[in-house]
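Below: one structure, written as structure tokens.
By convention in this document, chain letters (A, B, ...) are assigned in the order of the sequence lines, proteins followed by strands, and residues within each chain are numbered from 1.
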Protein chains: 2
Amino acid sequence: MSYPASQRRSLLQEARCQTCSLSSLCLPLALELEDMSQFDAIIRRRSPLKKGEPLFRQGDPFTSVYAVRSGSLKQVTSEGNGNDQLTNFFLPSELVGLDGIDEEHYPGTVIALETTTVCEIPFDRLDSLSEELPELRGQLYRSMSKELRDDRRMMRLLSRKTADQRLASFLITLSDRFRRRGYSPFSFRLSMSRADMGNYLGLAVETVSRILSRFQQQNVVAVSGREVNILDMQRLITLAEEEAQAVNSR
Amino acid sequence: MSYPASQRRSLLQEARCQTCSLSSLCLPLALELEDMSQFDAIIRRRSPLKKGEPLFRQGDPFTSVYAVRSGSLKQVTSEGNGNDQLTNFFLPSELVGLDGIDEEHYPGTVIALETTTVCEIPFDRLDSLSEELPELRGQLYRSMSKELRDDRRMMRLLSRKTADQRLASFLITLSDRFRRRGYSPFSFRLSMSRADMGNYLGLAVETVSRILSRFQQQNVVAVSGREVNILDMQRLITLAEEEAQAVNSR
DNA sequence: CGAGCGGTTGACAAAGTTCAAATAATGTGG
DNA sequence: CCACATTATTTGAACTTTGTCAACCGCTCG
């Protein structure tokens, strides 16, 4: 989730969707150049968020969805008592805030994990525009639908997988997301803490740490602080799926 | 999830959205009478599903979403190995299939838990119509957004709650859904097996059974087979939330 | 009436959590 | 840039919760 200086520079320059390297992954995907400029027109640029800075807070009135342009964020839902749940990490091109549409407010706080830039897309404008642009509407439906499927996958992870499988799955998913964005799927930097990972995966920090150590011992990955190198992707995939036997289906 | 004979009869008679008692909860919510008839026109009635019968199977081509009219269903996602994950229960007025939009196929099999009737809504027609009817479009966005929020709640349940809290939460959620639909929130019949509950909640069947027994001993609920009576709702709510201390946030 | 399924209960084992403590990393004020 | 204060991460050991295995009950369906 860090970028070489050259790329970071170019990301910041791309003030318009038409030239943004992410447009093929982002909401304007599938839009014609002409339509894209209409879409581009409703977007508000925001100054970069610093690490730890919230994009919005739980309970804030829902006004916009956001496309991540660079950096990364986490979404945390608090339930009164100190018990927070980290429900999502967002990487470039992903849409933030879709779960706030049907209520007047955002259901969780979204916080930058590093210096992060986003495009703000006022939802009322997006909705109107989606009336005229079937492709845009379809893309919006698809984004939400995909998020639903990802959620189901996460539920499966949380309810059926062992701690080892969770960590392996997590690393694979990250790897895959990086790959799709043109970065190395084998070597990357985690922008979140062990505590964040544990919270997201439903594990104690200590468990996360222990398992990463074990993976390292087994030469599956090399971990140094937040730097990750996947040494044996095949093994990692096996780890994520194996033992998946039995549990409730003898 | 069973209905008195009189109500069941009337549900079956309601062939049109305009007279359906669920329209105030369902997709046509917020539509003017005139718009509603347009919406009504695209809907296909289906003959009732028998218990155990699938509405569609995982991998079937995605064509429609479905609104439950009466009865109930479960969604099961299989991952090759025998390890299935039950990701959702659907009650009357709820929309089935939204997570299939962005792929060409449904991501899970949806099976009737009892005799069940649904309205089939071809998605391409729905999409076109949503172009003309902003209210319908909004409702569709809201439905998906709500489902996202429910998923987040479920993730929280799976990753942070104890078995007791999961069962308590589950009963409360069901109770609430019945209440919204005009049924008793205190007395209802479970249409799913203990195994289904366990699968959904990420618990072994034995655990589900034990905890229900314990709740019963403590006079929180009276359970007889699949009949449930909530005796002490306040206590149940406490059970669902309490102990929610600590875990990752000392 | 017997088979089978769904549900319940007990005993034991395993996976993870909690608590404690040491070490490493990062940030801050001078 | 240094010394100190914090915060993050790792590791060990005891303890809990829940899963697994086994046995049994009760009901329904041929």
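- Ion pairing between B:Glu114 and B:Lys51 fails under the 4.0 Å rule for side-chain N and carboxylate O.
- In this structure, CG of B:Leu212 is placed 10 Å from P of C:dG7, rounded to the nearest angstrom.
- Atom CD of B:Gln217 is separated from atom P of C:dT8 by 12 Å (rounded to the nearest Å).
- Taking every side-chain heavy atom of A:Ala204 into account, C:dT17 is the closest of C:dT8, C:dT17, D:dG19.
- Listed nucleotides: C:dT17, D:dT18, C:dG10. Nearest to the side chain of A:Leu203: C:dT17.
- Ion pairing of B:Arg160 with A:Glu79 is absent here, as no side-chain N (NZ or NE/NH1/NH2) approaches a carboxylate O to less than 4.0 Å.
- Within 4.0 Å (heavy atoms only), B:Ser209 reaches at least one base atom of the nucleic acid.
- One interatomic measurement links the two molecules: CG of B:Leu158 to C1' of D:dT17, which rounds to 16 Å at whole-angstrom precision.
- Separation of the A:Phe90 and A:Tyr66 ring centroids does not fall under the 6.0 Å cut-off.
- In the set D:dT10, C:dT9, C:dT8, the nucleotide with an atom closest to the side chain of B:Val205 is C:dT8.
- For A:Tyr183 and A:Phe188, the distance between ring centers is not under 6.0 angstrom.
- Between the side chain of A:Arg210 and the base of C:dT18, a donor-acceptor pair under 3.5 Å is found.
- Across A:Ser184, A:Ser187, A:Ser224, a single residue satisfies side-chain hydrogen bond (donor to acceptor under 3.5 Å, both in side chains) together with A:Asn229, and that is A:Ser187.
- Comparing D:dT18, C:dG16, C:dT8 against the side chain of B:Thr162 picks out D:dT18 as the nearest.
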- Message: Before you tell me yes or no, could you show the steps for A:Glu94 and A:Arg181 under salt bridge (charged side-chain N to carboxylate O under 4.0 Å, His left out), namely the whole-Å CA-CA distance, both residues' side-chain angles and the distance that decides it to 0.1 Å?
- Response: CA-CA 11 Å; A:Glu94 294 175 340; A:Arg181 286 166 184 77; 3.1 Å; yes
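- The interatomic distance linking B:Asn199 (CG) with C:dG7 (P) rounds to 13 Å, in whole Å.
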Could you run down the sub-3.5 Å N/O contacts of the protein with nucleotides 24-30 of chain D?
none

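- Checking A:Arg166 against A:Ser224, the closest nucleotide of DNA chain C that is more toward the 5' end is the one next to A:Arg166.
- Following rounding to the nearest Å, B:Glu206 (CD) and D:dG19 (C1') show an atom-to-atom distance of 8 Å.
- Distances shorter than 4.0 Å separate some side-chain N or O of A:Ser213 from OP1 or OP2 on D:dT11.
- For B:Thr207 and D:dG19, the shortest distance from a side-chain N or O to OP1 or OP2 is below 4.0 Å.
- Here D:dG19 presents its P atom at 18 Å from NZ of A:Lys161, a figure rounded to the nearest Å.
- Atom-to-atom, CZ of B:Arg194 to P of C:dT9 comes out at 10 Å; the value is rounded to the nearest Å.
- Going from atom CE of B:Met197 over to atom C1' of C:dT8 covers 14 Å, rounded to whole Å.
- Comparing C:dT8, D:dT20, D:dT9 by their nearest atom to the side chain of A:Arg226 picks out D:dT9.
- A salt bridge (charged side-chain N to carboxylate O under 4.0 Å, His left out) with B:Asp151 is found for exactly one of A:Arg149, A:Arg152, A:Arg153, namely A:Arg152.
- More than 12 heavy atoms of other residues, nucleotides or ligands sit less than 6.0 Å from atom CZ of A:Arg179.
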